[in-house]
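Below, each value reflects all heavy atoms present in this structure, side chains not excepted, and no hydrogens, waters or symmetry copies.
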Amino acid sequence: MRRREFITLFGGAAAWPVAARAQQPPMPVVGVVSISDRETIFQATWHQAFLQRLSDLGWTPARNISIEYRFADNDPNRLPALVKDLVRLKPDAIYVPTRPALPAVREATTTIPIVFVSFGDPIFEGWVSSLAKPGGNLTGVAGLSPELAGKRLELLRELTPRLAKVAILHNPTNRSEEVAIRATEMAAQNLGLSVFVQLASDSGEFELAISVLARSGAESIIVLPDPMFNAHRAKLVQLIGQSRLPAIYMETGFVAAGGLISYGPNFSDMFRKSADYVDRILRGAKPADLPVQQPTKFELIVNLKTAKTLGLTIPPTLLARADEVIE
């Protein structure tokens with residue numbers, strides 16, 4: 001082969017893949033916004049479940065999908081700027097796995113599809129028009145923890161049959177749980193129990209809050225779901241343990257950290273459902289046409305070691321219903 005022919009052939013072969021790549025459609029972009037920090041999110045089993053479900057549906061980060069993360073490192077004041085920076089990228093969808101980030105995302109865009117995971121009532125929050133027909137650019141999965149209020153009270157009464165007074169530990173900055181408080185109050189009335197709310201808006205308030213509720217005659221505690229509580233759950237569980245009051249949580253991680261009992265949706269299942277919606281939106285579905293999903297799997301977790309420390313005997317009927325028992 002002559003030199004001129006070789007150069008022409010080599011040059012054409014080198015240029016062809018570039019031209020082919022230029023004709024390929026752009027890689028879809030999904031933004032992820034969280035109040036938490038990178039390490040916490042990537043170690044969370046629910047986020048692993050989300051990513052695994054995306055993979056099952058054919059989406060592999062850096063190969064055929066780009067995921068842009070924005071972490072507020074537990075500082076809500078950073079969220080507006082982080083979200084604006086993300087919106088400037090014009091992602092195909094924004095995924096909001098924790099409730100505190102959602103107001104900033106909603107304010108930043110009314111056109112980019114948003115998929116959320118929440119443990120409150122999205123109708124009460126004003127995020128959607130209805131569960132069946134969300135309308136607008138938001139949809140997702142809602143735990144609807146108010147519907148579990150009566151069940152949590154019943155479980156506490158099984159643990160302490162003479163139970164009369166229950167404290168609800170609540171972060172007042174989390175509006176989504178206000179419906180849960182009202183539902184708990186109504187359920188308590190039907191069960192002949194009295195309840196009161198103790199507030200803690202920062203981890204520095206935990207010790208005082210638990211001390212106050214103990215002095216107020218609380219015989220057990222309902223810890224409402226909240227990202228701040230979750231971020232400092234080891235400290236919270238330790239302080240509640242020192243109060244020697246039985247407590248029920250919504251997330252299983254609290255029981256693994258030494259809490260007594262938890263009852264709530266299967267978190268991994270919820271986040272897998274949210275991945276389904278991200279997939280459907282990337283394939284052309286509109287959020288307004290995707291009904292807000294609700295959990296179908298619920299878990300009861302019991303920590304026998306903690307029960308022994310508190311001097312409690314877990315009824316055999318309750319143990320038989322438990323999905324997991326930590327010994």
For R244, the side chain to side chain donor-acceptor pair (under 3.5 Å) test, sequence neighbours excluded, returns none
Look at E299 together with K297 and state whether they make a salt bridge at an N to O cut-off of under 4.0 Å. no
Candidate list N303, L300, I301, test side-chain contact (heavy atoms from CB on, under 4.5 Å), partner I261, passing option: L300
Quick check for you: to the nearest 0.5 Å, what is the distance between R88 atom CZ and L86 atom CG? 10.0 Å
Carefully, step by step, assess V166 and T184 under the rule side chain to side chain contact (heavy atoms under 4.5 Å, CB included). CA-CA 10 Å; V166 180; T184 303; 6.0 Å; no
Minimum heavy-atom separation for V255 and L260, please, with both atom names. CG1-O, 4.1 Å
Please determine whether a side-chain nitrogen of the Lys or Arg among E207 and K235 lies less than 4.0 Å from a carboxylate oxygen of the Asp or Glu. no
State whether the side chain of S34 and the backbone N or O of A101 hold a donor-acceptor pair below 3.5 Å, judged by distance alone. no
Go through the steps to decide whether R321 and L155 satisfy the test side chain to side chain contact (heavy atoms under 4.5 Å, CB included), and finish with yes or no. CA-CA 11 Å; R321 301 197 311 271; L155 287 168; 3.6 Å; yes
Is the ring pair Y263/F298 parallel, tilted or perpendicular, if the boundaries are 30 and 60 degrees? parallel
Can we say K273 and D276 salt-bridge, meaning some charged N sits less than 4.0 Å from an Asp/Glu carboxylate O? no
What are the two closest non-hydrogen atoms of G241 and L310, and how far apart are they? O-CD2, 4.3 Å
Apply the side-chain contact (heavy atoms from CB on, under 4.5 Å) test between L224 and each candidate in N174, N171, I168; give the one that qualifies. I168
Quick one: are S274 and Y277 in side-chain contact, heavy atoms under 4.5 Å? no
Is a donor on one side and an acceptor on the other found under 3.5 Å between the side chain of S55 and the backbone of L51? no
Indicate the atoms forming the closest heavy-atom contact of G204 with D202, along with that distance. N-OD2, 2.8 Å
Taken to the nearest 0.5 Å, the spacing of L191 CG from M186 CE works out to 12.0 Å
Give a yes or no on whether a salt bridge exists between E177 and R182, defined as a side-chain N under 4.0 angstrom from a carboxylate O. no
Strictly distance-based, threshold 3.5 Å: is any side-chain N or O of T109 a donor or acceptor partner for the main-chain N or O of T111? yes
Would you kindly confirm whether L236 and V197 end up in one hydrophobic cluster when ILVMFWY residues are joined by side chain heavy atoms under 4.5 Å apart? no
Return the OG1 to CZ distance between T252 and F267, rounded to the nearest 0.5 Å. 7.0 Å
Output, in order, the C-alpha distance, side-chain angles, deciding distance and verdict of side chain to side chain contact (heavy atoms under 4.5 Å, CB included) for L318 and V302. CA-CA 9 Å; L318 194 155; V302 178; 3.6 Å; yes
Transitive ILVMFWY side-chain link L312 to I248, under 4.5 Å: yes
Go through the steps to decide whether D289 and K286 satisfy the test salt bridge (charged side-chain N to carboxylate O under 4.0 Å, His left out), and finish with yes or no. CA-CA 5 Å; D289 300 327; K286 305 297 182 184; over 6 Å; no
If you take all heavy atoms of F71 and S36, which pair is closest and at what distance? CB-O, 3.4 Å
Considering all heavy atoms, the nearest F119-P225 contact: CB-CG, 4.3 Å
Listed by chain and number, what are the side chain to side chain contact (heavy atoms under 4.5 Å, CB included) partners of S130, not counting sequence neighbours? A132, K133
Just so I know, are the side chains of D75 and D73 near enough to count as touching, which here means a heavy-atom distance under 4.5 Å? no
For N64 and W59, what are the C-alpha separation, side-chain angles and deciding distance, and is it a side-chain hydrogen bond (donor to acceptor under 3.5 Å, both in side chains)? CA-CA 6 Å; N64 63 354; W59 300 105; over 6 Å; no
Could you note down all residue pairs passing salt bridge (charged side-chain N to carboxylate O under 4.0 Å, His left out) where residues 209-227 supplies at least one of them, sequence neighbours left out? none
Looking at side-chain heavy atoms only, is the closest gap between E324 and I326 below 4.5 Å? yes
Set out, in order, the CA-CA distance, both residues' side-chain angles and the distance that settles side chain to side chain contact (heavy atoms under 4.5 Å, CB included) for V115 and I281, then state yes or no. CA-CA 9 Å; V115 176; I281 287 170; 3.5 Å; yes
Is a donor on one side and an acceptor on the other found under 3.5 Å between the side chain of T306 and the backbone of G258? yes
Taking the ring of F42 and the ring of H47, is the distance between their centroids below 6.0 Å? yes
Please examine the side chains of R70 and R78, heavy atoms only from C-beta on, and report whether any two atoms are closer than 4.5 Å. no
Side-chain touch F116/T98, heavy atoms, less than 4.5 angstrom: no
Quick one: sort the H232 and F206 rings into parallel, tilted or perpendicular, breaks at 30° and 60°. perpendicular
Taking the six-membered ring for Trp, are the ring centroids of F254 and Y249 within less than 6.0 Å of each other? yes
Counting only heavy atoms not in Q48, do more than 12 sit closer than 6.0 Å to its CD atom? yes
Can you check whether P295 reaches N266 side chain to side chain, under 4.5 Å on heavy atoms? no
Which atom of P103 lies closest to which atom of R99, heavy atoms considered: CD-O, 3.4 Å
Donor-acceptor under 3.5 Å (E205 side chain, S201 main chain): yes
Hydrophobic cluster membership, L57 vs V141, 4.5 Å side-chain cutoff: yes
Quick one: are the ring centres of Y95 and Y69 less than 6.0 Å apart? no
E327 and K305 ion-paired at < 4.0 Å: no
pair L138-R106: side-chain heavy atoms closer than 4.5 Å: yes
Interatomic spacing from CG in L169 to CG in L245 - rounded to 0.5 Å: 11.5 Å
For the backbone of I112 and the side chain of N137, can you confirm whether one donor and one acceptor N or O come within less than 3.5 Å of each other? yes
Shared ILVMFWY cluster between V223 and V237, side chains joined below 4.5 angstrom? yes
When you compare the side chain of R272 with that of Q52, does any pair of heavy atoms fall below 4.5 Å? no
Interatomic spacing from CG in D56 to CG in D279 - rounded to 0.5 Å: 10.5 Å
Sub-3.5 Å donor-acceptor pair from the side chain of S220 to the main-chain atoms of P246, do we have one? no
With rounding to the nearest 0.5 angstrom, report the CG to CE distance, L148 to M250. 5.5 Å
Taking a hydrophobic cluster as the set of Ile, Leu, Val, Met, Phe, Trp and Tyr residues connected by side-chain heavy atoms closer than 4.5 Å, whether directly or through intermediates, do I240 and L163 fall within one such cluster? no
